[in-house]
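The shown structure was predicted, so the numbers you read here are calculated from the model rather than taken from an experiment.
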Amino acid sequence: MAVYKQTYKDYSGKRTTPWFRFFILARYSYARLFQSRFLVLFLSACMFYPFSCAVFIYLSHNSPLLAALRLQSAAMPPIDGQFFNVYCVVQGSLAFLLTTFVGPSLVAPDLANGAMFLYLSRPFSRIQYVAGKMTVLLLLLSLITWIPGMALYMIQTGCVGWDWARTNAWLAGSIVLGLWIWIVVLSLIALALSAWVKWKIAAGALILGVFFAGAGFGAAINNVTDTKYGAFINLMEVVRTIWSDLFRSSSSTDLSVNEAWTVLGVTCALCLWLLAKRIRAFEVVK
Amino acid sequence: MQTVVELANLSVCLGKREILTDLTVELSGRTIGLLGPNGAGKSTLILTLLGFYPVTRGTGRVLGHDIRRHKKQVTALVGYMPENDSFIADMTAVAFVRMMGELSGLPAESALERAHEVLFYVGLGEARYRKLGTYSVGMKQMVKLAQAIVHGPRLLILDEPTNGLDPSARRRMLRLIRDIRDSGQMHVLLCSHLLRDVEETCEEVLILKQGRIVHYANLARERSVNQRFVEIETSDDHAGLAEALTEIGCTCTIHGSRRLKMVLPENFDLREIYRVAAKQDMLLRRLNYRRDTLEDIFLTAMEA
């Protein structure tokens with residue numbers, strides 16, 4: 001129908017499958033996010049460390065170039081679990097910063113503008129809503145964490161050969177699993193806090209607070225009570241414990257691996273509970 | 001005619017308070033008005049039909065689908081225009097309506113085409129690339145209507161659509177509702193406390209009070225039936241007159257001590273009224289033809 005005919009016309013065309021409708025939210029969110037030059041610049045800056053690592057891997061296997069640069073291959077640090085553990089810490093920190101920038105703008109504006117019942121009065125569920133919003137973070141964080149991590153693994157394989165890849169296959173699993181855990185935890189915390197406070201700036205501050213204040217309080221509790229219980233609220237330490245275990249490096253944290261997994265499980269459950277409570281069309285005041 | 005909304009002993013509790021109590025009705029009109037004072041449960045009923053509030057007792061069906069068991073089918077057939085502000089401020093109108101269309105199942109290209117169409121239809125064609133945050137109240141109401149009809153629903157639920165509109169915008173909104181009704185492609189459920197809006201657009205009216213149905217009126221049938229509505233005013237108390245007129249076949253309702261409204265039977269001779277009054281030695285001060293307005297119906301229901 002031409003747009004100049006201003007009479008109501010019914011729609012009788014085809015409909016899309018409900019399963020992938022959650023991705024519509026992600027698509028529109030990306031369109032909005034990538035209008036920000038800061039985000040594009042930050043994403044580019046996040047690629048600096050993986051790129052440097054790639055150059056380092058190439059360099060450490062290129063003897064003529066090392067000789068030209070007057071470097072000795074024996075003096076170069078090995079490409080092992082420790083190397084990828086450091087990579088996870090660096091890129092994980094950048095992922096955290098990216099989450100504090102992107103996360104609060106996902107759910108809080110919808111709740112503040114009362115847009116929830118526009119979404120939920122359609123054939124679109126709360127689970128699809130959360131999945132759609134979470135996809136935004138999961139894909140964005142994947143782009144700067146495990147995807148370049150796997151690229152580094154492949155570069156190392158290309159330089160050394162498939163034998164190295166076979167012996168160090170566990171490294172690939174550790175990169176993917178370790179960083180997926182981190183981005184899932186970050187995404188859930190960002191969405192839950194953004195849904196809880198309904199205000200973008202406050203949500204951003206709260207995300208920072210959960211990690212930094214958690215670390216500070218944790219250290220204070222440990223010092224005052226002379227126990228290690230403070231480590232339970234220090235999420236950075238919790239994740240570092242898991243990464244050290246996954247990359248078979250020595251851990252300097254106060255937590256055991258089982259305790260760290262339990263803390264992460266509880267954190268995720270708490271975030272899901274908060275999302276289930278807040279992502280509704282209407283709140284019933286009892 | 002297909003039943004649009006069917007309620008059977010439907011009750012809804014929020015917290016420990018019962019908001020809707022034993023609603024039983026079948027509505028099948030092209031446009032249905034939901035009336036009631038503030039707090040009567042109109043919006044709660046709408047939100048229950050949309051599946052936002054759980055049903056405590058009884059059943060409800062929208063276009064044949066159970067609201068508890070077939071929530072997705074119900075929401076696929078319904079377009080909802082909420083009462084309160086609900087939009088995404090930093091989106092343009094066309095992007096917003098397109099996204100809502102896509103979420104309702106339209107493919108991306110069709111959703112874009114429909115978004116342009118419906119925005120022109122509601123009169124926002126020229127402003128469709130402006131951000132919603134810059135819209136006036138009237139424009140926001142129109143964009144809410146646009147998002148509700150973009151996917152071509154079978155039932156359009158409008159919750160206080162003329163709220164905050166100036167007279168010309170209100171007329172435009174009512175004209176659009178009548179146009180949608182007359183297109184014959186969707187049913188309209190209009191929730192309002194403005195009787196004039198409902199009277200101008202609706203065929204059926206359901207009046208709620210304190211969570212209960214207090215009156216149901218089929219305005220279309222009442223308008224079409226060849227009944228004669230007469231109102232008389234007497235000089236004295238008319239209790240005896242009402243009784244005598246009922247005996248000769250009139251249906252009387254009493255409004256005040258000196259006013260009497262009645263529906264006359266077929267082939268009734270008006271002179272009979274004067275004869276009966278003369279017999280009772282009663283002076284008729286005024287007699288005029290009059291039919292109950294929606295306001296009369298509403299006030300009677302509220303007094304009941």
Side-chain angles (χ1 to χ4, degrees), chain A residues 1-33 35-36 105-129 132 200 279-286, chain B residues 14-17 47 50-53 71-76 78-80 82 84-91 95-96 98-108 110 113-114 116-123 125 132-133 144 147-153 157 176 179-180 182-183 185-186:
Chain A
M1 193 188 82
V3 290
Y4 56 80
K5 283 177 85 176
Q6 293 179 19
T7 49
Y8 177 75
K9 290 279 176 193
D10 194 18
Y11 176 77
S12 52
K14 62 174 183 178
R15 306 258 170 181
T16 54
T17 168
W19 302 107
F20 298 106
R21 275 184 209 157
F22 72 91
F23 200 73
I24 294 164
L25 286 188
R27 221 180 67 224
Y28 278 90
S29 296
Y30 284 133
R32 194 166 40 81
L33 284 171
Q35 284 173 353
S36 159
S105 66
L106 293 176
V107 180
D110 285 343
L111 288 168
N113 290 318
M116 287 315 299
F117 43 1
L118 291 181
Y119 293 119
L120 303 180
S121 65
R122 307 189 127 70
F124 193 73
S125 66
R126 295 195 295 161
I127 294 169
Q128 282 175 306
Y129 177 84
K200 238 161 72 167
I279 306 294
R280 290 168 183 270
F282 289 92
E283 284 176 50
V284 177
V285 180
K286 293 188 180 176
Chain B
L14 298 181
K16 286 178 184 168
R17 202 169 145 232
L47 299 176
L50 287 167
F52 292 156
Y53 289 150
K71 187 176 176 275
K72 284 229 162 158
Q73 285 92 324
V74 171
T75 48
V78 169
Y80 173 53
N84 301 319
D85 262 3
S86 44
F87 53 89
I88 300 157
D90 59 353
M91 277 184 115
F96 171 69
R98 181 191 183 186
M99 183 172 83
M100 290 299 149
E102 284 188 57
L103 290 177
S104 296
L106 270 61
S110 307
E113 197 181 321
R114 288 280 299 177
H116 284 290
E117 277 176 28
V118 293
L119 285 168
F120 268 98
Y121 177 65
V122 300
L132 292 170
K144 281 197 288 178
Q147 64 79 30
I149 59 174
V150 64
H151 55 293
I157 299 179
L176 286 171
D179 188 59
I180 289 168
D182 297 339
S183 73
Q185 283 154 342
M186 69 172 96

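Heavy-atom distances place both the backbone and the side chain of B:S104 under 4.5 Å from chain A. Residue contact with chain B, scored on non-hydrogen atoms closer than 4.5 Å, involves the backbone and the side chain of A:L118 alike. Contact annotation for B:I149: both backbone and side-chain heavy atoms come within less than 4.5 Å of a heavy atom of chain A. Interface remark: B:P107 contributes backbone and side-chain atoms alike to the contact with chain A (heavy atom separation under 4.5 Å). Heavy atoms of B:D85 lying under 4.5 Å from chain A belong exclusively to its backbone. Using a 4.5 Å cut-off between heavy atoms, B:R17 does not touch chain A at all.
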Query raised in the report: What's the verdict on side chain to side chain contact (heavy atoms under 4.5 Å, CB included) for B:M91 and A:Y28, showing C-alpha distance, side-chain angles and the deciding distance?
Result: CA-CA 10 Å; B:M91 277 184 115; A:Y28 278 90; 3.6 Å; yes
Assess whether side chain to side chain contact (heavy atoms under 4.5 Å, CB included) is satisfied between B:F52 and A:S121, documenting all intermediate values.
CA-CA 8 Å; B:F52 292 156; A:S121 65; 3.9 Å; yes
Between A:T16 and B:E102, is the side chain to side chain contact (heavy atoms under 4.5 Å, CB included) condition met? List the steps.
CA-CA 8 Å; A:T16 54; B:E102 284 188 57; over 6 Å; no
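Using cut-offs of 30° and 60° for the angle between ring planes, the B:Y80 and A:F117 rings count as perpendicular.
By the side chain to side chain contact (heavy atoms under 4.5 Å, CB included) test, A:A31 pairs with no residue at all, sequence neighbours left out.
Between A:D10 atom CG and B:I180 atom CD1 the span is 11.0 Å, to the nearest 0.5 Å. With rounding to the nearest 0.5 Å, the separation of OH in A:Y8 from CD in B:E117 is 10.0 Å. In this structure, OH in A:Y119 is found 7.0 Å from CG in B:L103, a value given to the nearest 0.5 Å. The CG atom of B:D90 lies 8.0 Å from the CD atom of A:Q35; values are rounded to the nearest 0.5 Å.
Of the residues considered (B:R114, B:K72, B:Q73), B:R114 shows the highest number of contacts with chain A, using heavy-atom pairs under 4.5 Å. Ranked by heavy-atom pairs under 4.5 Å with chain A, the first of B:M99, B:K144, B:R98 is B:M99.
The salt bridge (charged side-chain N to carboxylate O under 4.0 Å, His left out) contacts involving residues 111-129 of chain A comprise nothing, where partners must be two or more places apart or lie in separate chains.
Residues B:S86 and A:G114 approach most closely at CB-O, 2.8 Å, considering heavy atoms. Here the shortest heavy-atom pairing between A:L120 and B:K71 reads O-NZ, 3.9 Å.
The number of heavy-atom neighbours closer than 6.0 Å to NZ of A:K200, taken from other residues, nucleotides and ligands shown, is 12 or below.
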